[in-house]
Amino acid sequence: MTVVLLTSCGRSFSGGGGEVTGVRSATFNEPAPYGMVLVKRGSFEMGPSGRDSLWGTNPETKGVSFDSFWMDETEITNAKYRQFLYWVRDSIIRERLADPAYGGNDLFKITEDRYGEPVEPYLDWSRPIPWRRANEDELRAIESVYYTHPITGERRLDEKQMYYKYEWYDHTAAALRKNQLNPSDRVRNTDIAVNPNEVIMISKDTAYIDDDGRIINETITRPLSSYYDFLHTRIVNIYPDETCWVNDFNNAYNEPYMRMYFSHPGYDDYPVVGVSWEQANAFCVWRTELFRQSANLPASQQIEPFRLPTEGEWEYAARSGKNENKYPWATDELQNAKGCFLGNFKPGKGNYTEDGHLITARVGSYAPNEFGLYDMAGNVAEWTSTSYSESGPSQMSDMNPELRYNAAKEDPYAMKKKVVRGGSWKDVAQFIRSDMRTFEYQNETRSYIGFRCARTQIGFARTKGGKKK
């Protein structure tokens, strides 16, 4: 009898002869994420690059290494964040168009109201159904996400309705030995008797809408019973806080920014601000699903999610992986040979405009660093995924360092600090250094904090000598 070894796709191994030849997994060629730069794996000394002359502190650095990851070449802009906002808006409209109270039929596309005037369409481009005008009930579904200000008469999107619900599975918590469902898997030491009746308590986030229509996000603690205990749910209002322009600055006429910065097309390519750490995370979840849908990937296909960069990744990327760099550029000077500033910050006392801008600048207005990343110093400071601790990197591993803590609602507010990096348009030169770290509370919104996304690169093409392409 002749035995033929077949690969997973049905081809025979040439000369397999009973030897170990390996079984390769079926993969798909994942496209390079749009607008992202690949930061290749490497190592550097994380922490201050020299003695701090302002505070007189000695540098405490730590050698760390990173795997390759993608990072947005610019900060997320108003236009990109508005795509997320309008997706949420259209999702609400879709649900209401299927509701009998609003007509009960979602098999159409609307481009005009009952008077023939154009409206922002109900976006369901996957259905090849002709456009037509909205009837009375259908128009009510569209109008329900807008409101008219009772005093000014301004018609605008109702920010109080813009909620995004998402779930995430905590792979790290589920992998911890102490959290295994089978008691015998929790202890490797055979000298210790396993207690099969031990109760393991798990904390998980859950979210729901109560009988009064209020959004409730809470953390519950209960005995471990199934894998569902590691599935978290959150509902987040994702509309940016436009009032931050007024609340951040007392006795300043910033009302035009409050009214126009996020909504006016003249600011489309400026970095979005007024977005909390929680909202930035929601954007990353949505972007992951958008990527999955655009690539026509089934839910069963594992993909690396978009996320906020870790503090270590952010510093490594900003300094182009070089220990000596204090700024994203390869000099301690703030201007080039022609006298042009290298970033958007506050050059002097009361002087915001010497660098060419009063507040934020269009993303990409200044030259990129060696990794091809723009605005890693100034413009807007940026959220990272890392929880803030005074001791910082000393608590972290030296491989892909990260300090993550998912604060429960009932935790002290001090435990809800997240690391912010890069400085902003309102900061002096000292605070836009790549090796400077500060924090903000995860639910806070500021006119000088934005974000960009990161994504771990999985695998690489092999060449001779084991080097990657």
Side-chain angles (χ1 to χ4, degrees), residues 67 164-210 214-236 276-278 280-282 284-285 288-289 299-313 383-419 439 441-443 454 456 458:
D67 209 341
Y164 177 63
K165 181 179 180 179
Y166 65 94
E167 296 179 331
W168 78 97
Y169 186 76
D170 192 340
H171 290 275
T172 299
L176 292 176
R177 201 161 292 150
K178 66 179 182 178
N179 292 338
Q180 297 306 298
L181 293 172
N182 185 348
S184 63
D185 293 334
R186 297 172 192 160
V187 180
R188 295 283 176 86
N189 189 338
T190 55
D191 292 335
I192 299 176
V194 176
N195 179 7
N197 299 317
E198 181 184 8
V199 177
I200 304 298
M201 302 302 292
I202 292 293
S203 293
K204 65 174 293 182
D205 292 338
T206 185
Y208 59 93
I209 301 176
D210 67 12
R214 294 176 301 180
I215 303 298
I216 305 297
N217 285 287
E218 62 182 9
T219 303
I220 60 175
T221 301
R222 66 184 189 189
L224 174 65
S225 61
S226 72
Y227 289 117
Y228 283 97
D229 291 319
F230 303 108
L231 182 66
H232 300 264
T233 305
R234 179 167 286 274
I235 302 177
V236 179
S276 69
W277 182 87
E278 296 166 348
N281 273 284
C284 294
V285 173
T288 302
E289 289 308 306
S300 59
Q301 174 68 58
Q302 290 189 10
I303 62 172
E304 265 301 297
F306 291 89
R307 53 179 174 79
L308 293 178
T310 68
E311 178 184 12
E313 286 175 335
W383 290 112
T384 72
S385 62
T386 304
S387 295
Y388 181 82
S389 168
E390 295 289 347
S391 53
S394 63
Q395 290 184 259
M396 305 178 196
S397 171
D398 57 3
M399 180 184 71
N400 296 322
E402 171 69 321
L403 183 63
R404 192 180 296 263
Y405 180 71
N406 185 29
K409 184 177 181 180
E410 61 271 15
D411 281 340
Y413 198 45
M415 298 179 68
K416 300 174 183 177
K417 298 175 182 177
K418 304 300 180 183
V419 175
F439 71 87
Y441 294 95
Q442 65 184 45
N443 65 338
T456 301
I458 300 299

Please name the pair of heavy atoms, one in Ala280 and one in Trp383, separated by the smallest distance, quoted to 0.1 Å.
CB-CD1, 4.4 Å
Applied to residues 402-412, the salt bridge (Lys or Arg N to Asp or Glu O under 4.0 Å) test, sequence neighbours excluded, yields Glu402-Arg404
Sub-3.5 Å donor-acceptor pair from the side chain of His232 to the main-chain atoms of Asp205, do we have one?
yes
Could you go through Ile200 and Lys178, starting from their C-alpha distance and side-chain angles, then the distance that decides it, and tell me whether this counts as side chain to side chain contact (heavy atoms under 4.5 Å, CB included)?
CA-CA 8 Å; Ile200 304 298; Lys178 66 179 182 178; 5.8 Å; no
Using every non-hydrogen atom in the two residues, find where Thr219 and Ser203 come nearest and quote the distance to one decimal.
CG2-CB, 4.1 Å
Show every salt bridge (Lys or Arg N to Asp or Glu O under 4.0 Å) that has at least one partner inside residues 218-230, sequence neighbours left out.
Arg222-Asp229
Test item: Trp168 and Arg234 side chains (from C-beta on) under 4.5 Å apart, heavy atoms:
yes
Nearest 0.5 Å please: distance from the OG1 atom of Thr221 over to the CE atom of Met201.
6.0 Å
Nearest heavy-atom contact between Pro196 and Pro183 is O-CG, 3.8 Å
Distance check, rounded to the nearest 0.5 Å: Cys284 atom SG versus Glu289 atom CD?
12.5 Å
Looking at every non-hydrogen atom in both residues, tell me the closest pair between Gln180 and Leu176 and how far apart they are.
NE2-O, 2.8 Å
Within a 6.0 Å radius of atom CE on Met399, are there more than 12 heavy atoms belonging to other residues, nucleotides or ligands?
no
Would you find a donor on one side and an acceptor on the other, under 3.5 Å apart, between the side chain of Asn179 and the backbone of Ala175?
no
Return the CD1 to CD distance between Ile458 and Glu304, rounded to the nearest 0.5 Å.
4.0 Å
Given 3.5 Å as the limit, does a donor-acceptor pair link the side chain of Lys165 with the main chain of Thr233, or not?
no
Evaluate Val419 against Trp277 for side chain to side chain contact (heavy atoms under 4.5 Å, CB included), listing each step before the verdict.
CA-CA 10 Å; Val419 175; Trp277 182 87; over 6 Å; no
Please determine whether the number of non-hydrogen atoms from other residues, nucleotides or ligands lying under 6.0 Å from atom OH of Tyr413 exceeds 12.
yes
Atom of Tyr166, atom of Glu278 and distance for their closest heavy-atom approach
OH-O, 4.4 Å
Using a 4.5 Å cut-off on heavy atoms from C-beta on, say whether the side chain of Thr310 contacts that of Asn400.
no
Distance (rounded to the nearest 0.5 Å) between Ile220 CD1 and Ile202 CD1:
11.0 Å
How long is the straight-line distance from OH of Tyr208 back to CZ of Arg214, given to the nearest 0.5 Å?
8.5 Å
Counting N and O atoms only, with roles assigned by atom type, does the side chain of Asn217 sit under 3.5 Å from a partner on the main chain of Ile235, one being a donor and the other an acceptor?
yes
Just checking, is any N or O donor in the side chain of Lys418 or Thr386 under 3.5 Å from an acceptor N or O on the other one?
no
Side chains of Arg307 and Thr456 in contact at under 4.5 Å (non-hydrogen atoms):
yes
Would you say that more than 12 heavy atoms from the other residues, nucleotides or ligands in this model lie under 6.0 Å from the CD1 of Ile209, or not?
no
Atom pair CD (Glu390) and NZ (Lys417), whose distance is rounded to the nearest 0.5 Å
6.5 Å
Heavy-atom closest pair (Leu181 atom, Arg186 atom, distance to 0.1 Å) is O-NH2, 3.5 Å
For Ser184, check side chain to side chain contact (heavy atoms under 4.5 Å, CB included) against everything at least two apart and list the hits.
Asn182
